[in-house]
Structures are given as C-alpha cells and as structure tokens.
2 protein chains.
Amino acid sequence: MKQSIREERKKEIVSGLYELSRQEGLENVSIAKIGKHLGMPPSLVMHYFPNKRLLILGLINHILHQYQLIYKPIVSKLEKKPRVDPELLVERLFSREWNLLFDDGVFFSCYAFIFRDQLIKKEYKKLHVKLRVTLKNLLDKDEVLVMGDTGLLAEKIFVVIEGAYYYLSMMDEAREYDQKLELFKDQVYELIYAEISRLQTGPEMGKSRYSTGG
Amino acid sequence: MKQSIREERKKEIVSGLYELSRQEGLENVSIAKIGKHLGMPPSLVMHYFPNKRLLILGLINHILHQYQLIYKPIVSKLEKKPRVDPELLVERLFSREWNLLFDDGVFFSCYAFIFRDQLIKKEYKKLHVKLRVTLKNLLDKDEVLVMGDTGLLAEKIFVVIEGAYYYLSMMDEAREYDQKLELFKDQVYELIYAEISRLQTGPEMGKSRYSTGG
DNA sequence: TTAAATATTGAATGAATATTCAATAAATAA
DNA sequence: TTATTTATTGAATATTCATTCAATATTTAA
C-alpha cells in the first residue's frame, strides 16, 4: 500500500510532464508548470524526482514503454497464423496506431538526449534491439524465412521503418504522406519477397556474411 | 560594407550558439551564455536576433547548410565518372566525413522543433528533398539506371541512410557500429544492383507504379 | 563637416528557474 | 496507544532567464 501510492504519484507526475511536453514542447516545461498542471506544489514533484534529470528519465521510460505497446496487437495477431503474411505484417508495422499512442515530437526531443546521456542512450538502444528481436521471432515462424538469417532481415526491415518515420514527419500534405508511405511499404515487401525467393531458388547459399544472429 | 559586418556578426553568433550547443546541449544554452562565450553583452546578441526563436532559426539554417556540404565532395568526384560506381557511391554516402562536419546531437535537437514550428519543418523538408534530387541527378548519369525510376531509387536509398544514422547513433562500441554500418551499406548495394538487373533483364516493365518523378 | 544610421555597451527589469527547508498531515508499524 | 515513516504543504532561496532601454561609440551618407 505504502509503495503503491508512491508509484501512482510518480506515474501521475510523468504523465503530466508528457502532456505538457506534448502541448508546449519538452524544453518549455518546468517543475513549477507540472505542479500547477497537477494541482500540487513543485516541492512535491521534487519529492518524488529529486532532480530534473530523473524526471526526464521517468518520461523516457514512459515513452519507451508506450513505444513497445505498438507491437502488442501486431504480435498477437500474427502469432495465431501458421505463416507470416507479408501484407499483414507490413500493414501493421506501418500502422497509424503508431502515431496515436504517443507524440513524435516528445519522442524525438527525448531521443536528442542520447547524445549527452549514456544511460538514456542505453535505454533507447535496448528498446530498439528488443523491437528487432520481436520481429525476428515473428519471421522465425515462417517455414521459408526461418531457413535464412531472420535477424539480418529484421534489421533491414527496421532501418526502413525508422528512416521512413523520420522522413515522413516532415510531410504536411496527407496525399504526399500516403504516397511516400506506400513507397516504403513496398520497399519492405521487396526485402521479404527477395529473401523468400532467394531461399527457395538457392537455399544452398546459406546465411549472409553480415549475420547478426548471436 | 555596412551589410557585411552585420552578416559576419550574425554568423559569429550562430557559430557560438552551435559550439555551446555541442558542448552542453541546445536546451542549456542561453543568450547570456552566448554573449559570454563570444565576449559581447547579451544585448548585442539580441540586437541581431531580436528573439530566441530567430536565433534558433539561424542555427538551423547553419546546420542545414553544413549538412549540404557533406555531399559536395561526393558529387564532384562522381560527376567526373561516365558511370555510377556503386561501391564509390555507397562508400561516400556512408562516409565518416558526415560525422565530422556537424554534431548529431545538435542536429536532432533542432530536428525535434519540426513538430512545433512549421517554418522549421519546411526548411528541414526542403533540405531532405534537395539531397534526394542531388542523388537522383547522379543516378541519372548511369546509362542503365536512367532507364528506370531514379527518383524512386533515390528515395529508397535515402530512407536506408537516414534510418541507419538514426539507429547507429545508439551504438557505443566501434565494432558493433562498423558491423551494422556494413549491413546497411549492403542493403543499399542490393537496392542498386536489384534495379540494374531488373532493367537489364526486363526493361520493358518500365517505371515502377510508385514513381516520384515530377 | 554635419547628419543619420548602425554598432556596441552596461545597467536594469520582472518573471521564471530548479532546488531547499521547516512544518504539518496522514498512514503505517511497534 | 505511541513512535516512525511517508506524504504534502507553502514559503523562501539564489540564480538564471529573455528582454528592454538609454547612452555612447563608430561608421557611412550628404
């Protein structure tokens, strides 16, 4: 009980920070503003987060946790199928649900911290590796793909996804956004189909020289 | 003459902002600190940049300008050749010179502004489109590639480059960095070689349905 | 030379910043 | 119950913030 109120309050504060960051940008949020937003004195905020860095670390954990949720529905939907359906996979990887779960602006503001905070960098990397492993596990369910280097394929797919979202964030018009989105989906299709056809026509080639699997 | 001292001072101030941002992070730089760093009163800084937003816009212009310089040596080297040498092209696109010209931390801190400043978003997009056009023009010099959709190919290449740098920024160990880098280079090679072989074996297929060419 | 425009200075502003502290209220453990 | 830990409050801190202003110096135009 004693512990739970503490954790609840911490979550509440981090959520408040997130909401304000979304509205006015992370760099414009102060401890006083968070307190005001939540109806508590700034000293209470600092009671749970003794300094601002810890507060931002809390926000980053929150965001990284949200980020992981994106793949929950994808994973559960795909796990039921006996084979990987590339159409469904790609559709889900580029799904709009992505943008609804958290704010890209806050995400990239936090991302910028990786260049000056080793712990944040580590957390970010951990997440990104995890997402790749999740995808690899999905690809391993496919009887054809599993013969190749699914870890490598997952890397290649994700670099397109991440590059795509980086670039797509600059698009204003919905039409242009959708057009580019289709293009990048196509690029991922091609990666998957190329691997399938490679494995079916010449499986004796074995794994690629740039294998990432342990 | 009168104009030049003004522009020089503005450049000096922006450079100071850049240097400080590199050292302690953009969010920790103030007008007073810039003034101190350059040995001038903060009021002089504000004389040239009446508010902080204009100052940051100045920094962004500076960075985007630097960003463009990266491709100067690539372009001039490749322009002399009659054909595109994929090895050289990919080597240059992923060159280390990239990291030397400007700081990734500052770049991504500024990038985060695109989500709350339309002008900054526009500037960023303009640059990224420009880089793609430059690459397209290079690809057009190749007698085989020019038969296909070079604009589309440029998009596909850049999404890998950008995704790669986003992801590589999280790497600590040099070995892992290099390993992943090779992987992404490979991915770009495959894009180019796949397009070449596609055009040579079945050029009657013409341009892809996701053409980006105007 | 004189007048106007620009560059530079330094002092001052109030608002906002993260953080500290002592006091009180509430919950839990003994 | 009492003692102890935790939660919450509100006032206070020194510092830093972006910005303003009037005064002076320097450069340019007439």
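Naming convention: chains lettered A, B, ... in sequence-line order (proteins, then strands); numbering from 1 in each chain. Because the structure is predicted, anything quoted here is derived from the model rather than measured.
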Can you tell me the distance, in whole Å, between the [atom1] atom of [X] and the [atom2] atom of [N]?
{"X": "B:His47", "N": "D:dA22", "atom1": "NE2", "atom2": "P", "value": "15 Å"}
{"X": "A:Met46", "N": "D:dT9", "atom1": "CE", "atom2": "C1'", "value": "16 Å"}
{"X": "A:Met40", "N": "D:dG10", "atom1": "CE", "atom2": "P", "value": "13 Å"}
{"X": "A:Ile31", "N": "C:dT19", "atom1": "CD1", "atom2": "C1'", "value": "8 Å"}
{"X": "B:Glu24", "N": "D:dT16", "atom1": "CD", "atom2": "P", "value": "12 Å"}
{"X": "B:Ile34", "N": "D:dA18", "atom1": "CD1", "atom2": "P", "value": "8 Å"}
{"X": "B:Leu44", "N": "C:dT6", "atom1": "CG", "atom2": "P", "value": "15 Å"}
{"X": "B:Arg9", "N": "D:dT26", "atom1": "CZ", "atom2": "P", "value": "13 Å"}

Just to be sure I understand the rule, does [X] reach a base, reach only the sugar-phosphate, or reach nothing, if contact means heavy atoms closer than 4.0 Å?
{"X": "A:Lys36", "value": "nothing"}
{"X": "B:Tyr48", "value": "sugar-phosphate"}
{"X": "B:Ser30", "value": "sugar-phosphate"}

Rounded to the nearest 0.5 Å, what separation is found between the NE2 atom of B:His37 and the OG atom of B:Ser30?
12.5 Å
Nearest-nucleotide pick for A:Pro41, side chain only, options being D:dA7, D:dA18, D:dG10:
D:dG10
Of the candidate nucleotides D:dA7, C:dT20, C:dT8, which contains the atom at the shortest distance from the side chain of A:Ser43?
C:dT20
Look at the aromatic rings of B:Phe184 and B:Tyr167 and report parallel, tilted or perpendicular, splitting at 30° and 60°.
perpendicular
Carboxylate-amine/guanidinium contact B:Lys185 B:Glu87, below 4.0 Å
no
So B:Val160 and A:Gln187, side chain to side chain contact (heavy atoms under 4.5 Å, CB included) or not? Walk me through it.
CA-CA 10 Å; B:Val160 175; A:Gln187 191 166 345; 3.6 Å; yes
